[in-house]
Amino acid sequence: MATISIGLFSSLIGSMNSDFAVKLAETAVNKGHSVNLWFSGNAVTLARKGQKSFKDYSYLAERLKALQENGVAIVACEACAAARGIHKDDVIEGIAVHSMDWYVARAAKSDRVLHIGGE
Amino acid sequence: MATISIGLFSSLIGSMNSDFAVKLAETAVNKGHSVNLWFSGNAVTLARKGQKSFKDYSYLAERLKALQENGVAIVACEACAAARGIHKDDVIEGIAVHSMDWYVARAAKSDRVLHIGGE
Amino acid sequence: MRLGVFVSDCQKNDSMLERLNGEGLGIFFVENGVYHAVIHENGRDSGVLQKKGVNYYALASDIQTRGFTTSEIDSRVNVVTYEDVVDLMMNDYEKLIWL
Amino acid sequence: MRLGVFVSDCQKNDSMLERLNGEGLGIFFVENGVYHAVIHENGRDSGVLQKKGVNYYALASDIQTRGFTTSEIDSRVNVVTYEDVVDLMMNDYEKLIWL
Amino acid sequence: MAKSILFVISRPPYKSENPKLAITHAMACFVADMHIDEEVEPVVAFVGDGVLNCIKNQRSQEFYGIISTEQHIKNQLASDMRMLVCKEDLYRLDIKPERLINARDMGADIDLNVVGFNEVQKEMERCDQMMWF
Amino acid sequence: MAKSILFVISRPPYKSENPKLAITHAMACFVADMHIDEEVEPVVAFVGDGVLNCIKNQRSQEFYGIISTEQHIKNQLASDMRMLVCKEDLYRLDIKPERLINARDMGADIDLNVVGFNEVQKEMERCDQMMWF
């Protein structure tokens with residue numbers, strides 16, 4: 001089985017990029033692949049604790065927890081998070097915070113990289 | 001002097017829409033106009049406490065405080081904020097949280113509305 | 001190089017797609033990119049569909065989310081699931097671009 | 001109706017601009033919209049500049065932020081400051097659109 | 001005397017939350033008189049690629065667990081909100097009238113109102129304020 | 001043996017943080033060997049409207065109080081990072097070579113490297129991984 005790194009740069013709520021990335025990660029894990037998930041830019045908001053679930057928008061916090069329990073490394077960019085007022089204590093349990101070198105290192109060693117660099 | 005309502009829907013960091021909206025509000029206030037500033041969608045992240053200042057990106061928290069002290073009503077959309085894990089205690093002092101009817105009511109009574117509805 | 005390109009938008013950013021070598025190219029229509037596979041703007045197919053030697057894929061759930069059925073998809077385009085996308089990524093394409 | 005339209009992007013969404021009645025229209029190039037006033041893609045002016053009866057404005061600071069000087073701006077376009085934008089909004093245009 | 005706000009939806013659905021925010025902001029007009037001494041009448045117009053929001057049988061609930069834009073539009077029709085759809089854009093994108101959302105199953109008295117862009121432009125002149133999503 | 005990552009910048013500056021994130025991610029490659037047993041070599045390529053990032057004399061510091069994309073590019077050149085700029089796009093947008101950023105005042109030994117798109121495509125084949133911003 002292979003390793004895939006997914007980098008997500010688009011923001012939470014309403015951006016279907018987030019839904020796509022999470023669903024792709026779930027599918028890859030179910031097929032036995034190893035997955036890294038990196039949030040940078042506005043996507044760091046996905047890592048924040050206390051998101052309220054609305055029926056209008058996809059609510060991904062629980063699914064991220066499940067991914068993490070299934071062995072997916074989920075990491076948010078430290079600087080991007082701090083710039084948005086999201087510090088270590090604000091992050092969902094099980095999601096880590098690292099600087100960008102973590103992502104590029106993991107990506108370099110992955111079999112596949114899908115970098116979703118939108119706004 | 002006139003009243004202008006600015007609605008901002010694009011997110012914090014790196015989106016020059018935020019810089020534009022804040023600079024326009026500052027200019028309008030300096031000219032004696034009355035200004036309402038509404039954050040919805042991803043722009044609610046602008047209202048969050050604890051944003052760290054980086055030289056790379058515009059840091060608007062202090063300027064929002066100054067605007068508010070100069071009489072600008074700054075309000076973030078309650079549902080949009082909650083969906084992103086930003087609750088009343090997480091918001092910069094002086095910025096209010098209301099539902100959308102506040103904005104549409106203020107806009108209806110304004111002389112000019114500039115609604116920046118980007119992503 | 002077998003290159004997989006994800007097109008997630010309905011706006012025409014064909015210019016970059018046009019330049020990429022056709023041979024071995026796979027184009028994945030996902031999210032609003034699926035409109036390329038079902039909409040006939042001004043009665044014409046999307047310009048993106050005109051490349052020779054390309055394999056086209058469109059994500060079924062993204063088509064159906066937007067009110068279309070998979071039977072409406074252009075015949076050049078393969079309807080795929082998330083499972084298919086993962087397998088194609090792993091087996092058929094070495095590198096991936098999200099435009 | 002005197003309508004002010006803010007164009008903040010360099011991509012060509014002329015189609016909506018084309019449809020809006022020219023008479024009394026003001027087009028404000030701000031942020032990346034200023035590229036319309038300085039870039040000659042394939043040697044041609046931006047299609048957005050071709051409308052008759054329109055007043056064009058470009059924000060000086062947004063031009064200079066991107067490495068251009070105000071002397072490079074197309075002669076049909078008025079160079080403006082934030083102060084000018086506020087005055088124009090209040091005095092010359094009743095309604096405003098941010099495209 | 002009521003004020004009116006025209007909400008113009010120019011972007012497709014399911015790319016960002018933009019079109020949904022337009023609809024929720026329009027709905028908020030119905031209670032805006034809590035804050036001011038007059039009513040606020042919302043009108044919604046779909047133009048450009050925004051007309052893609054109006055295609056029925058959206059299945060986002062099934063695939064992504066989120067309420068569809070279709071359901072939002074139906075709720076608005078059932079609330080008697082005036083909603084215009086630009087004819088030229090429907091034609092350009094080859095979307096036939098029978099594909100458009102309606103809320104008759106919810107007892108709505110009105111349908112989406114397909115009009116020429118000149119009618120949208122008249123609404124832009126008539127309204128007191130405009131918000132372009 | 002080093003791995004290489006190609007960072008392709010296809011969007012203009014000052015619209016979103018995207019191009020800057022590309023550059024900061026590329027810089028992070030220089031310390032990636034903290035995490036893995038080999039070095040990671042970054043290469044940056046500007047294509048499409050991304051070439052607009054390469055125009056010199058950007059004054060964002062003066063007008064918006066933020067470090068310019070120009071300064072980021074100069075820092076990279078001074079760190080000897082290979083940076084390609086697509087010739088066809090410079091031509092299309094009528095950007096003359098003398099308008100391009102350089103970092104000679106910072107003692108950089110290399111300049112932005114203007115190349116045909118075919119060279120960018122070769123780099124896409126050569127690299128181990130690709131990130132498209």
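Hydrogens, waters and symmetry mates play no part in the numbers below; they use all other heavy atoms, side chains included. Residue numbering restarts at 1 for every chain, and letters A, B, ... go by the order of the sequence lines. What you see is a predicted model, and the numbers here were worked out from it, not measured in a lab.
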* **Atom pair CZ (C:Arg76) and OH (C:Tyr57), whose distance is rounded to the nearest 0.5 Å** => 15.5 Å

* In Å and rounded to the nearest 0.5 Å, what is the CG to SG distance from E:Asn102 to E:Cys54? -> 12.0 Å

* To do: Determine, step by step, whether C:Met1 and C:Leu20 satisfy the side-chain contact (heavy atoms from CB on, under 4.5 Å) criterion, reporting the C-alpha distance in whole Å, the side-chain angles of both residues, the deciding distance to 0.1 Å, and the verdict.
  => CA-CA 11 Å; C:Met1 171 179 53; C:Leu20 295 168; over 6 Å; no

* Asked: Any side-chain heavy atom of E:Phe46 within less than 4.5 Å of one from E:Leu112?
  -> yes

* Is C:Lys51 atom NZ crowded by more than 12 heavy atoms from other residues, nucleotides or ligands, each under 6.0 Å away? -> yes

* Report the C-alpha distance between C:Gln50 and C:Glu18 in whole Å, list the side-chain angles of each, state the deciding distance to 0.1 Å, and finish with yes or no for side-chain contact (heavy atoms from CB on, under 4.5 Å). => CA-CA 9 Å; C:Gln50 313 296 340; C:Glu18 259 167 41; over 6 Å; no

* Does any heavy atom of chain E fall under 4.5 Å from the side chain of C:Asn42, the backbone, both, or neither of them? -> both

* To do: If a pair satisfies salt bridge (charged side-chain N to carboxylate O under 4.0 Å, His left out) and one of its residues is in residues 77-87 of chain C, list it, with sequence neighbours excluded.
  => A:Lys31-C:Asp87

* Go through E:Met124 and E:Met130 one step at a time and tell me if the side-chain contact (heavy atoms from CB on, under 4.5 Å) criterion holds. => CA-CA 7 Å; E:Met124 288 166 61; E:Met130 190 161 28; 3.5 Å; yes

* To do: Can you check whether anything in residues 66-75 of chain C gets within less than 4.5 Å of chain E, heavy-atom wise, and list it by number?
  => C:Arg66, C:Gly67, C:Phe68, C:Glu72

* Structure fact -> Under a 4.5 Å heavy-atom criterion, the part of residues 56-83 of chain E in contact with chain C comprises E:Lys56, E:Asn57, E:Gln58, E:Arg59, E:Ser60, E:Phe63, E:Tyr64

* Asked: Looking at E:Leu52, E:Asp49, E:Ile101, which makes the most heavy-atom pairs under 4.5 Å with chain C?
  -> E:Leu52

* Please test C:Asp45 against C:His40 for side-chain contact (heavy atoms from CB on, under 4.5 Å), starting from the C-alpha separation and ending with a verdict. => CA-CA 5 Å; C:Asp45 298 342; C:His40 301 90; 3.1 Å; yes

* Restricting to pairs with a member in residues 71-99 of chain C, which pass ring pair (Phe, Tyr, Trp, His ring centres under 6.0 Å), not counting sequence neighbours? -> A:Phe20-C:Tyr82, A:Phe20-C:Trp98, C:Phe6-C:Trp98, C:Phe28-C:Tyr93

